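One structure below.
Remember, it's a predicted structure, so these values are computed and weren't measured experimentally.
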Amino acid sequence: MYHTQPSAIAWKAAKIHELLVKYGYPNAESVLDEWSYYPGNWGEGQSKEINSIGDPKVVTGVAQEVQGVSGAAFDASVLILLQDSTVNIANFYHGTTVVLWGMFNPHGVPNKTYYTFKAYKSLLDTPERVATLPSDVPGVTAIAGLSHDKTQATVLISNFGTECNRYNIHLNSLPWNDGVVYEKYVLDKKHDLELVKTETLVGHSVTLPEDVDDPSVCMIRLKAITNK
């Protein structure tokens, strides 16, 4: 499935599950074996040229959007929404240098979409799911996790398809008495998941106003301070 709205992919997954239940297969595995972002039309997407050394070079604005920060924010939103969907396996298209959808350009340099998956992998360091309430602004999605030893947390936020340029992050019931180191990493037009802010937070509930771009992806790392 290729789409311009992340929610459409989760919606379709739910509808397919309804059909499986209706026809007697409630426990059947649901596999989305190809998905990605595509805001153009198929004819335009095939427009390309071969440069003098034989590498494919996409020349459409659609390709730049798919492999740029818009595609990166779309991908992050889909990955977040799939966690609570009925899909068991989802295969992103594509992790190579393939024309138009690749994570890397023909020379192996990462596109913006690569950094979305790098950020998402960071959630494996904090695999215990933490509740995240829905955003007041459509187009902003989030997911959070805590490490097994309760010393670190990760929050991943995607801002896609909204004109929101600032939001408040509310961190509640923080389990640390001695404070926490707050690190903010940003994936946008200017940054490739780079550290842009570090500060120390004290208290069990904190509200952080953050400036954001549309589209963008933000990863927050929290590291407990222990004073023994």
Side-chain angles (χ1 to χ4, degrees), residues 1-42 45-46 62-63 65-67 70-104 110-135 138-150 152-161 187 193 215 217-220:
M1 184 175 183
Y2 295 78
H3 213 279
T4 59
Q5 295 300 321
S7 58
I9 294 180
W11 178 87
K12 188 171 183 178
K15 291 300 179 181
I16 290 174
H17 183 69
E18 288 179 9
L19 289 173
L20 290 171
V21 172
K22 178 179 179 180
Y23 290 100
Y25 300 95
N27 298 317
E29 190 174 60
S30 181
V31 180
L32 173 59
D33 67 356
E34 185 176 326
W35 69 269
S36 196
Y37 176 55
Y38 191 63
N41 62 69
W42 291 105
Q46 302 309 308
V62 171
E65 189 172 352
V66 169
Q67 297 176 339
S70 292
F74 175 91
D75 296 344
S77 295
V78 171
L79 289 170
I80 292 170
L81 293 173
L82 283 177
Q83 291 303 304
D84 294 317
S85 77
T86 55
V87 173
N88 300 107
I89 298 174
N91 302 105
F92 174 74
Y93 190 88
H94 199 285
T96 66
T97 60
V98 67
V99 172
L100 189 59
W101 287 286
M103 283 188 189
F104 305 88
N111 293 319
K112 293 288 185 180
T113 48
Y114 162 84
Y115 294 100
T116 283
F117 285 83
K118 181 179 180 180
Y120 201 78
K121 181 182 180 297
S122 296
L123 289 170
L124 295 178
D125 297 329
T126 54
E128 294 187 12
R129 187 81 178 269
V130 175
T132 53
L133 296 178
S135 167
V140 177
T141 53
I143 191 170
L146 189 66
S147 63
H148 290 311
D149 63 3
K150 306 298 189 292
Q152 297 185 55
T154 305
V155 183
L156 188 64
I157 303 170
S158 176
N159 184 19
F160 177 82
L187 171 57
L193 201 64
V217 178
C218 172
M219 182 179 74
I220 295 169

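Between the side chain of Thr154 and the backbone N or O of Gly145 there is no donor-acceptor pair closer than 3.5 Å. Under a 3.5 Å cut-off, the side chain of Ser36 and the backbone N or O of Tyr93 do form a donor-acceptor pair. Side-chain N or O atoms of Thr126 include none that pairs as donor or acceptor with a backbone N or O of Ser147 at under 3.5 Å. Here the side chain of Asn111 pairs a donor or acceptor atom with the backbone of Gly102 at under 3.5 angstrom.
Applying the side chain to side chain donor-acceptor pair (under 3.5 Å) test to every pair with at least one member in residues 78-92, sequence neighbours left out, gives these pairs: Gln83-Tyr120, Asp84-Arg129. For residues 10-27, the salt bridge (Lys or Arg N to Asp or Glu O under 4.0 Å) pairs, not counting sequence neighbours, are Lys15-Glu18. The salt bridge (Lys or Arg N to Asp or Glu O under 4.0 Å) contacts involving residues 27-38 comprise nothing, where partners must be two or more places apart or lie in separate chains.
Val62 has its side chain within reach of Pro39: a pair of non-hydrogen atoms, C-beta onward, lies under 4.5 Å apart. Within the 4.5 Å cutoff, the side chain of Lys112 has heavy atoms near those of the Leu187 side chain. Between Pro6 and Val78 there is a side-chain heavy-atom pair separated by less than 4.5 Å. For the pair Ser122 and Met219, the minimum side-chain heavy-atom distance is below 4.5 Å. Within the 4.5 Å cutoff, side-chain heavy atoms of Thr116 are placed close to those of Leu79. At least one side-chain heavy atom of Leu156 sits less than 4.5 Å from a side-chain heavy atom of Val217. Contact check for Leu32 versus Ile9: side-chain heavy atoms found under the 4.5 Å cut-off.
In this structure, the separation between CD1 on Ile157 and OG on Ser77 is 11.0 Å, given to the nearest 0.5 Å. Distance CG/Asn159 to SG/Cys218: 10.0 Å, rounded to 0.5 Å. For the atom pair CD1 of Ile80 and OG1 of Thr141, the computed distance is 3.5 Å after rounding to the nearest 0.5 Å.
With ring centers used as reference points, Tyr38 lies under 6.0 Å from Trp101. Ring centroid separation for the pair Tyr2 and Trp35 does not come in under the 6.0 Å cut-off.
Between Tyr37 and Phe160, the ring planes lie perpendicular to each other; the angle is over 60°, past the 30° to 60° tilted range.
Considering every non-hydrogen atom in both Ala72 and Thr113, the closest pair reads N-CG2, 3.8 Å.
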* **Derivation and outcome, side-chain contact (heavy atoms from CB on, under 4.5 Å), residues Gln5 and Trp11** => CA-CA 10 Å; Gln5 295 300 321; Trp11 178 87; over 6 Å; no
* Given the rule in the side-chain contact (heavy atoms from CB on, under 4.5 Å) test, do Leu146 and Gln152 qualify, once you have shown the distances and angles that lead to the verdict? -> CA-CA 6 Å; Leu146 189 66; Gln152 297 185 55; over 6 Å; no
